[in-house]
Amino acid sequence: MPTKADPSSPDGTASGKITIADIAAEAGVSVPTVSKVMNGRADVAPHTRERVEAIIRRHGYQRRSDERSRRSNLVELMFHELESAWALEIIRGAEQVAAEQGLALVLSESQGRLTPGHGWLEGVIARKPLAVISVFSDLTSQQLAKLRARDIPVVVVDPIGEPQLETPSIGATNWNGGLTATRHLIELGHRRIAMIGGPERVLCSRARVDGYRAALETAGLAVDPRLVRYGDFHVESGRAQFAPLLDLPDPPTAVFAGSDLQALGVYEAARAAGLRIPQDLSVIGFDDLPVAQWVGPPLTTVRQPLQDMAAAGTRLAITLARGEEPEHRRIELATTLVVRQSTAPPR
């Protein structure tokens with residue numbers, strides 16, 4: 001193995017542990033080839049790229065600190081899908097902070113995939129943003145390592161699963177939100193309470209369902225597994241998951257939906273069955289999107305501070321991009337119950 005580079009070497013890292021020349025020698029390739037891999041160039045054979053990237057990860061190579069000066073003034077905000085009111089709230093929060101710092105926001109999405117593909121990563125490397133904010137998406141350890149090797153920090157907002165230890169994240173108190181929503185329905189007198197969750201593998205969805213279960217158990221009420229359904233966070237899922245519950249011998253008198261959009265699907269299913277809200281069925285959502293105030297009746301929901309979450313994630317990403325250590329790498333913002341006209345005591 002070549003000797004360690006001097007910290008002052010033009011090709012060395014800030015810590016002087018290993019150089020691009022060292023990586024090239026170990027991989028058996030030229031220095032320009034290593035540079036191409038690090039810059040996301042496509043004209044490198046896949047097996048060569050994998051070998052070089054494995055060496056970069058093994059040595060924890062970090063690019064020179066002066067690479068920051070050659071990066072753009074962009075902050076990349078990456079969604080698994082953009083077409084939703086939920087995404088718009090996130091964009092507003094991130095854009096406000098970026099504008100305050102004189103930075104521009106670039107949006108990208110992974111076409112519904114929770115884990116973005118290789119094409120997205122190549123685009124990020126080519127754009128050279130100051131930082132990446134991954135929203136409700138799940139980057140692989142290899143993708144994170146490639147971004148770290150290029151000194152591009154990543155912050156996760158509303159993580160799908162438990163983030164890696166080195167990955168900062170911003171979330172909300174989903175468990176407490178589920179507990180509070182269900183407890184509100186119990187206090188109104190409901191005993192048959194359905195739960196329409198989001199995807200079962202997603203961390204925030206599981207936490208909301210767990211909060212629902214905890215509220216029932218604390219009140220001495222059994223959890224009926226027939227009343228717990230999983231879908232996604234969209235309107236059609238709420239309708240499709242709730243409609244079959246109306247055919248039960250003892251249907252629910254209240255529903256806690258894992259998102260406001262799912263709650264709107266419940267509204268559709270209830271009205272198609274001739275049920276009135278809240279006289280025949282109480283409904284609670286989650287998020288407090290602007291549409292929650294506009295529907296009839298206005299929706300009781302758990303407010304998730306989406307704009308604040310995005311703003312906190314953007315500030316954290318910018319702090320990391322400047323080479324500073326943030327005060328906290330894990331942040332959870334509080335959820336609050338917003339009571340409107342979609343909940344009432346059962347008949």
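For clarity, every value in this text was computed on a predicted model and none was experimentally measured. Along the sequence shown, the residues carry numbers beginning at 1.
Heavy-atom minimum distance, Ser108 versus Glu76: OG-OE2, 2.9 Å. Smallest separation of non-hydrogen atoms from Ala27 and Val52: CB-CG2, 4.0 Å. For the residue pair Ser205 and Phe233, the shortest heavy atom distance occurs at CB-CZ, 3.9 Å. Here the closest heavy-atom approach between residue Ala98 and residue Thr314 is recorded as N-CG2, 4.2 Å. Pairing each heavy atom of Pro345 with each of His190, the nearest pair is C-NE2, 4.1 Å. Between Leu320 and Pro153, the shortest heavy-atom distance links the atoms CB-CB, 3.7 Å.
Between the side chains of Arg229 and Gln262, not a single donor N or O lies within less than 3.5 Å of an accepting N or O.
For Glu325, the CD atom sits in a packed shell: over 12 heavy atoms of surrounding residues, nucleotides or ligands are nearer than 6.0 Å. Residue-environment remark: CD (Glu95) stays at or below the threshold of 12 foreign heavy atoms within 6.0 Å.
Within the 3.5 Å criterion, the main-chain N or O of Phe286 finds a donor-acceptor partner in the side chain of Asp260. Proximity of a side-chain donor or acceptor of Ser282 to a complementary backbone N or O of Ala344 within less than 3.5 Å is detected. Listed for the Arg303 side chain is no donor-acceptor partner under 3.5 Å among the backbone atoms of Asp288. Put simply, the side chain of Asp287 never gets that close to the backbone of Leu289: no donor and acceptor are under 3.5 Å apart.
In this structure, Phe256 and Tyr212 have tilted ring planes: the angle between them lies in the 30° to 60° band.
If you run side chain to side chain contact (heavy atoms under 4.5 Å, CB included) between Val155 and each of Thr167, Thr319, Ile170, Ile318, only Ile170 comes through. Of the candidates Leu299, Thr343, Thr300, Thr301, Val283 forms a side chain to side chain contact (heavy atoms under 4.5 Å, CB included) with just one, namely Leu299.
Considering only residues two or more places apart in sequence or on other chains, Asp280 meets the side-chain hydrogen bond (donor to acceptor under 3.5 Å, both in side chains) condition with Arg276, Arg347.
Asp250 and Arg226 are not joined by a salt bridge, as no carboxylate oxygen comes within less than 4.0 angstrom of a charged side-chain nitrogen.
A 4.5 Å side-chain heavy-atom check between Glu53 and Gln142 finds every atom pair outside the cut-off.
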